[in-house]
Amino acid sequence: MKLVHKDFNFVFHFEENTRSLLVVEQPAIFLRVVRELTTSDYDDESGFVLSENGEVLKKKDKLVCIVNPLALTLNERKLLNKLGEMLKKEILSTELLVEGNRIVSNLESYVMNIVQNMEWELTYSDKMDIHSLLKIADIRFDDMQETLVEKILDYMKVACELLDVKCFVFVHLLSYLTEYEVEKFYEYVHYQKICVLLLENRQPDMVEKFAETIIIDKDSCEIVLNV
């Protein structure tokens, strides 16, 4: 996996067990970088290019930039939509379908009885199906992690499995985690072979922990460290 930017010289290779860090000290460039990673709806609006084995990947689908880890939730719309698709597929391909159809039929009869008992002329949807049943159930992820690092790791795990995310960029993550939590974070990342880039606006105290470090200083010069 490789991440580059058309206007800069840096190349992040995300090799196995490598810790990658991008420090952007120039505020205007930092703002630009964050905007390109978070707000672009289409890949051609961003200077970043994510590739794997020489094949360019759709950044909007394969890369997730997290600016505020405190706001992370497993129950965001994209994840819930994908979860619903997987649940529906599981039902339709197993013996759960027979039971589901029975429940849907009973639900239709129940709604019909309600309507018939009313004195007004009422209409209702007669297109109930497994999707309707799942919508009523409102199945969600248990989003009650005790610590921030657990929340982050759970989110990464689910995003990788359901959305096939290939790369995560975290903005100012080192401001939220202790050194011990950073080690636990990378222990999981390396075990799962997840590509991660940390983006900071100043050089952190633990910069020696990163094997792949690029600094864009206040004069917009690129400095390569520990390569």
Query - NZ/NE/NH1/NH2 to OD/OE distance under 4.0 Å, Glu85 and Lys88 - result: no

Query raised in the report: With the 4.5 Å side-chain cut-off for hydrophobic clustering, are Ile136 and Met112 part of the same group?
Result: yes

Report task. Apply side chain to side chain contact (heavy atoms under 4.5 Å, CB included) to the pair Glu76 and Leu80, showing each step before the final yes or no. Result -> CA-CA 6 Å; Glu76 65 179 28; Leu80 286 180; over 6 Å; no

Query - Leu21/Ile214 under side chain to side chain contact (heavy atoms under 4.5 Å, CB included): CA gap, chis, key distance, verdict - result: CA-CA 6 Å; Leu21 172 67; Ile214 305 295; over 6 Å; no

Query raised in the report: Between Phe10 and Phe12, does the ring centroid distance fall short of 6.0 Å?
Result: yes

Requested in this report: Compare every heavy atom of Glu36 with every heavy atom of Gly47, then report the nearest pair and how far apart it is.
Outcome: N-OE1, 3.1 Å

Query raised in the report: Are the side chain of Gln192 and the backbone of Cys160 linked by a donor-acceptor contact shorter than 3.5 Å?
Result: no

Query raised in the report: Does any N or O in the side chain of Ser105 come within less than 3.5 Å of the main-chain N or O of Asn101, such that one atom is a donor and the other an acceptor?
Result: no

**Report entry** Ring centers of Phe185, Phe170 separated by less than 6.0 Å
**Finding:** yes

Report summary line: Here the pair of heavy atoms bringing Ala28 nearest to Gln26 is N-OE1, 2.9 Å

Query raised in the report: Should His172 and Phe30 be marked as a ring-ring contact (aromatic ring centres under 6.0 Å, His included) after you check the CA-CA gap, both sets of side-chain angles, and the distance that decides it?
Result: CA-CA 11 Å; His172 289 155; Phe30 184 83; 5.3 Å; yes

Query raised in the report: Is Val11 linked to Phe210 within one hydrophobic cluster, defined over Ile, Leu, Val, Met, Phe, Trp and Tyr using a side-chain heavy-atom separation of less than 4.5 Å?
Result: no

Query raised in the report: CE of Met86: more than 12 outside heavy atoms within 6.0 angstrom?
Result: no

Query raised in the report: What's the spacing between Ile152 CD1 and Glu181 CD if we round to 0.5 Å?
Result: 8.5 Å

Query - Short side-chain to backbone donor-acceptor contact, Glu200 and Leu174, under 3.5 Å - result: yes

Query raised in the report: When you measure from the side chain of Thr18 to the backbone N and O of Phe14, does any donor-acceptor pair fall under 3.5 Å?
Result: no

**Report entry** Side chain to side chain, Val56 and Val49, heavy atoms closer than 4.5 Å
**Finding:** yes

Query raised in the report: Just one of Leu79, Val64, Val158 clears the side-chain contact (heavy atoms from CB on, under 4.5 Å) bar with Leu163, so which one?
Result: Leu79

Query - Ionic contact status for Asp7 with Arg32, cut-off 4.0 Å - result: yes

Report summary line: Rounded to the nearest 0.5 Å, the SG atom of Cys167 sits from the NZ atom of Lys2 at a distance of 13.5 Å

Requested in this report: Might you confirm whether atom NZ of Lys62 has over 12 heavy atoms from other residues, nucleotides or ligands at distances under 6.0 Å?
Outcome: yes

Query raised in the report: Cluster question for you: counting only ILVMFWY and a side-chain heavy-atom cut-off of under 4.5 Å, with indirect links fine, are Ile139 and Met144 together?
Result: no

Requested in this report: Report whether Leu133 and Ile114 are members of the same hydrophobic cluster (ILVMFWY, side-chain heavy atoms less than 4.5 Å apart, transitive linking).
Outcome: no

Query raised in the report: Got a salt bridge between Glu179 and Lys184, using NZ or NE/NH1/NH2 to carboxylate O under 4.0 Å?
Result: no

Requested in this report: Determine whether Val165 and Ile194 make a side-chain contact, defined as any pair of heavy atoms from C-beta on separated by less than 4.5 Å.
Outcome: no

Query raised in the report: For Phe8 and Ile29, what are the C-alpha separation, side-chain angles and deciding distance, and is it a side chain to side chain contact (heavy atoms under 4.5 Å, CB included)?
Result: CA-CA 11 Å; Phe8 299 99; Ile29 297 178; 3.7 Å; yes

Query raised in the report: Are Val23 and Leu177 grouped together when hydrophobic residues (ILVMFWY) are joined by side-chain heavy atoms under 4.5 angstrom apart?
Result: yes

Query raised in the report: Does the distance from a Lys or Arg side-chain N to an Asp or Glu carboxylate O, for Lys59 and Asp61, drop under 4.0 Å?
Result: no

Query raised in the report: Is there side-chain contact between Lys151 and Glu146, with at least one heavy-atom pair below 4.5 Å?
Result: no

Query raised in the report: Does the side chain of Tyr176 come within less than 4.5 Å of Leu70's, by heavy atoms?
Result: yes

Report task. Check whether any side-chain heavy atom of Val171 lies under 4.5 Å from a side-chain heavy atom of Leu37, and answer yes or no. Result -> no

**Report entry** Evaluation steps, side chain to side chain contact (heavy atoms under 4.5 Å, CB included), between Glu15 and Met1
**Finding:** CA-CA 7 Å; Glu15 296 176 352; Met1 189 77 61; over 6 Å; no

Report task. Starting at CG of Leu57, measure out to CD of Glu52 and round the result to the nearest 0.5 Å. Result -> 6.0 Å

Query raised in the report: Should Asp154 and Phe141 count as side-chain neighbours, where that means a heavy-atom distance under 4.5 Å?
Result: no

Report task. Please report the closest heavy-atom contact between Asp143 and Leu74, naming both atoms and the distance. Result -> OD2-N, 3.2 Å

Query - Straight-line distance of Gln116 CD to Ser109 OG, nearest 0.5 Å - result: 9.5 Å

Query raised in the report: At what distance, to the nearest 0.5 angstrom, does CD of Glu108 lie from CD1 of Ile103?
Result: 12.5 Å

Query raised in the report: Any side-chain heavy atom of Asn201 within less than 4.5 Å of one from Val24?
Result: no

**Report entry** Considering all heavy atoms, the nearest Ser20-Val196 contact
**Finding:** CB-O, 3.8 Å

Requested in this report: Answer yes or no: are there more than 12 heavy-atom neighbours, outside Asn17 itself, under 6.0 Å from its atom CG?
Outcome: yes

Query raised in the report: Quick one: does Phe48's side chain get under 4.5 Å of Leu63's, heavy atoms only?
Result: no

Query raised in the report: For the residue pair Leu173 and Pro69, what are the closest heavy atoms and their distance?
Result: CD1-CG, 4.5 Å

Query raised in the report: Are Glu161 and Lys157 within salt-bridge range, i.e. N to O under 4.0 Å?
Result: yes

Report task. Please report the closest heavy-atom contact between Ile223 and Asp217, naming both atoms and the distance. Result -> CD1-OD2, 3.9 Å

Requested in this report: Nearest 0.5 Å please: distance from the CG atom of Leu153 over to the CD atom of Glu187.
Outcome: 10.0 Å

